[in-house]
Amino acid sequence: MTLDPTLSQIRDGLRPFRRRLWLRRVVRDGTFSLAAVMGLELALALAARIVPLEWGRVAAAAIPLLGALALLVDAVRVRPTLGETALALDGEQGLRDRVSSALEIALRSPDLVEAPLAAEDAPTAEGTATEDAATYARFVRLQRRDALSTLRAADRRAFRPRLQRRPAAVTVVLALLLVPALLLPNPQSDVLARRENQRAAAERQAEKLEKAAERLAEGRTAPDPRLDLSAELKKLARELRERPEDLDAQLARLGSLEDALRARIDPANEQRAAALSSLARSVSRLSSGQDSNPGGDPKKANEDLARLGEKIDGMTKAEREALAADLAGLESTARQAGADAQAALRDAAQALGRGDATGAKDALGRLGDALARGARNVELNRDLARTANDLQDARRQLADAGKPANQGQGQGQGQGQGQGQGQGEGQGQGQGQGQGQGQGQGQGQGQGQGQGQGSLGGGGSNARFLGSGSSSGGFGGPTAGNKQFSTGDIDKVLADFGRLGKPGDPSYVAGTGGDGQTQQGSGTGQGTPSDAFVPYTGVFQDFYDFAITSLERSTVPLGVKDYVRDYFSSLNP
């Protein structure tokens with residue numbers, strides 16, 4: 001299609017003004033969009049300071065993007081046409097609708113658009129219908145020329161972009177309010193950080209619980225209780241992942257399961273395990289005549305007992321009596337290994353003493369079964385104890401993740417120094433193992449310094465002034481004291497007051513001054529074991545049972561229970 005040259009020039013001349021008008025509209029609407037974005041950002045920042053918004057950062061980044069998208073859609077919507085541009089140009093430049101009239105006539109007279117109009121001096125037939133058409137065409141031609149000349153004379157800087165005053169002022173005010181809302185410390189940041197730590201800790205502990213569940217279920221068949229425990233651990237792991245923010249409920253579930261497991265654990269399990277190993281090693285030695293089972297494996301002992309039963313028929317009476325005596329000598333060990341093992345061992349010894357080979361074989365077989373069954377029970381108790389420790393550790397990790405970021409810490413320091421002189425014939429130091437050494441000197445000096453975290457330090461044991469200190473921070477432990485601790489009839493094992501001195505006794509004896517004397521001596525000979533020396537493995541279980549019973553029968557904070565259990569776990573032989 002070929003347009004009229006004048007009309008084509010008018011259209012081409014309007015295009016720059018069209019782009020400028022479009023930019024003005026985009027700037028105008030962009031001012032409103034920017035004010036809306038600032039208002040939403042300020043509202044979000046204020047809301048984030050009142051309630052913890054985990055999606056706050058995502059929303060803060062999404063709001064400008066949504067504003068830009070809305071502005072892009074609006075820019076497409078407000079793109080002006082050539083007619084709108086002509087009307088706007090006529091109105092702003094005072095052109096009296098010349099340009100817009102040219103476009104309007106072109107729209108109303110399509111036949112005058114596609115071809116050039118006739119020349120001004122073109123001949124026309126008088127008295128025909130074409131005379132009016134030619135007159136109208138000359139009018140259109142003159143109007144278009146006038147519109148083109150007017151358009152060329154128009155100001156090229158028309159349609160300058162202008163900011164709307166009110167939206168711009170609102171945008172500036174909102175921006176000034178937004179700066180302190182973003183820069184000042186947000187009290188909800190600690191809450192969000194704590195929640196993030198809770199989720200991370202919950203995920204880590206869920207993975208550990210799943211690994212523990214897989215370890216318990218590996219190679220197990222029903223009705224092993226470890227299978228049920230494995231399913232319970234997987235359920236706890238799933239709940240940790242689904243509801244990590246429900247910290248109190250998760251800690252309660254973990255603590256309940258841990259208490260249930262510890263209630264099922266045999267306190268004497270390790271003693272029984274040691275007795276089973278010793279008994280298995282002993283019966284294997286009786287069967288083979290040598291230390292063929294140094295590890296005390298119950299399965300190996302069961303096989304050795306089966307071979308020993310086969311040898312009974314070929315034994316003489318003296319050999320059977322000797323074997324019966326050897327088995328009877330193991331009764332104390334069998335008593336610690338379990339009632340079944342003790343009964344089977346006693347029956348085997350009595351049957352051998354009566355010459356009942358069949359009964360002896362049957363009793364030895366029951367002894368082997370008792371050893372295997374005891375080993376399985378020991379393994380079960382160890383698995384339960386390990387799982388209880390895993391639950392305890394998971395509970396502690398979750399509780400630590402739920403604590404505020406800033407914890408009060410206390411620190412104290414004390415220092416003391418003292419000096420004394422005296423005369424003495426000697427000074428003794430006992431190690432509690434039947435050994436001793438003595439050395440004395442008439443003059444001495446002592447100095448001590450201590451520094452501690454969360455408590456006050458003290459001076460040396462010989463100091464007249466024991467120092468002073470200060471502390472700061474909060475105390476996170478129990479504030480109410482427990483009842484007076486007592487160990488009953490095992491006090492002497494814990495602390496022999498007759499040997500060590502009673503509480504409150506002075507830790508030094510002041511002298512009267514002097515040069516002093518020194519006496520040294522040495523000797524050889526057989527040492528005498530001290531009655532005060534008691535292996536801690538022999539009294540560990542008594543103290544452990546007493547501590548666990550005290551924790552169960554009294555109201556003790558949860559953290560103290562964990563501390564006591566961790567202490568005894570570290571000492572467990």
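Start at 1 with the first residue, then count along the sequence. Because the structure is a prediction, the values reported are computed rather than measured.
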Gap separating the CG atom of L71 from the CG atom of L66, nearest 0.5 angstrom
12.5 Å
Of all heavy-atom pairs between A385 and I265, which one has the smallest distance, and what is that distance?
CA-CD1, 3.4 Å
In Å, rounded to the nearest 0.5 Å, how long is the span from CG of L240 to NZ of K235?
12.5 Å
Apply side-chain contact (heavy atoms from CB on, under 4.5 Å) to the pair L233 and L391, showing each step before the final yes or no.
CA-CA 9 Å; L233 291 178; L391 291 171; 3.9 Å; yes
Over all heavy atoms of both residues, which pair between A213 and S230 is shortest? Give the atoms and the distance, please.
O-OG, 2.8 Å
Closest heavy-atom pair and its distance - L345, L327
CD2-O, 3.4 Å
Would a 4.5 Å heavy-atom cut-off, applied to side chains only, mark Q188 and L53 as touching?
no
Which one of R215, R396, R395 satisfies the salt bridge (charged side-chain N to carboxylate O under 4.0 Å, His left out) criterion with D390?
R215
Okay, side chain of T387, backbone of D383: is any donor-acceptor separation there less than 3.5 Å?
yes
Test item: D74 side-chain N/O and A70 main-chain N/O as donor-acceptor pair under 3.5 Å
no
Check whether any side-chain N or O of S278 sits under 3.5 Å from a backbone N or O of A274 as a donor-acceptor pair, and report yes or no.
no
Salt bridge D362-R366, side-chain N to carboxylate O under 4.0 Å:
yes
For a side-chain contact (heavy atoms from CB on, under 4.5 Å) check, start with the C-alpha distance between E245 and E54, then their side-chain angles and the critical distance, and finish with the verdict.
CA-CA 12 Å; E245 70 282 352; E54 298 182 0; 6.0 Å; no
Carboxylate-amine/guanidinium contact R199 E196, below 4.0 Å:
yes
Is D224 paired with R226 through a side-chain N to carboxylate O contact shorter than 4.0 Å?
yes
Value for CG (D297) from CG (L276), rounded to nearest 0.5 Å, stands at 11.5 Å
Can you check side-chain contact (heavy atoms from CB on, under 4.5 Å) on D304 and L308, steps first, answer last?
CA-CA 6 Å; D304 292 338; L308 182 61; over 6 Å; no
Can a donor-acceptor pair be found, under 3.5 Å and without considering hydrogens, that links the side chain of N381 to the backbone of D266?
yes
Looking at R241 and E203, is any side-chain nitrogen of the basic one under 4.0 Å from a carboxylate oxygen of the acidic one?
yes
How many angstroms lie between CG in L216 and CG in L209, if you round to the nearest 0.5 Å?
10.5 Å
When rounded to the nearest 0.5 angstrom, what distance separates CG in D369 from CG in L364?
11.0 Å
Is there side-chain contact between L371 and L279, with heavy atoms separated by less than 4.5 Å?
yes
Ignoring hydrogens and angles, tell me if any N or O in the side chain of S287 forms a donor-acceptor pair with the backbone of V283 under 3.5 Å.
no
Tell me, do R307 and S288 make a side-chain contact under 4.5 Å, heavy atoms counted?
no
Answer whether the closest heavy-atom distance between the side chains of L257 and L229 falls below 4.5 Å.
yes
To the closest 0.5 Å, what do you measure between CD (Q392) and CG (D259)?
10.0 Å
Work out which heavy atom in A388 is nearest to a heavy atom in E258; give both atom names and the distance.
O-CG, 3.8 Å
Is the number of heavy atoms from other residues, nucleotides or ligands within 6.0 Å of CZ (R243) greater than 12?
yes
Main-chain N/O of N389 paired to D393 side chain as donor or acceptor, under 3.5 Å
no
Quick check on Q290: does its CD atom have over 12 non-hydrogen neighbours (other residues, nucleotides or ligands) under 6.0 Å away?
yes
Using a 3.5 Å cut-off and no angle test, enumerate the donor-acceptor pairs between side-chain atoms of residues 29-46 and protein atoms at least two apart in sequence or in another chain.
from	atom 1	to	atom 2	distance (Å)
T31	OG1	V27	O	2.9
S33	OG	D29	O	3.1

Are any side-chain N or O atoms of R272 and backbone N or O atoms of G374, one a donor and one an acceptor, separated by less than 3.5 Å?
no
Got L184 and R49 here, is their nearest side-chain heavy-atom distance under 4.5 Å?
yes
Distance-only donor-acceptor pairs under 3.5 Å for side chains of residues 331-341, two or more places apart:
from	atom 1	to	atom 2	distance (Å)
D340	OD2	R373	NH2	3.3

Would L286 and L330 satisfy side-chain contact (heavy atoms from CB on, under 4.5 Å), going step by step from the backbone distance to the final call?
CA-CA 11 Å; L286 290 178; L330 299 176; 3.9 Å; yes
If I compare all heavy atoms of S284 with all of S292, which pair ends up nearest, and what's the gap?
O-OG, 3.7 Å
Closest approach of P52 to R195 (non-hydrogen atoms, all atoms of both residues):
CG-NH2, 3.5 Å
Non-hydrogen side-chain atoms of R386 and R382 separated by less than 4.5 Å:
no
Going by salt bridge (charged side-chain N to carboxylate O under 4.0 Å, His left out), name the residues that satisfy it together with E232, two or more places apart in sequence or in a different chain.
none
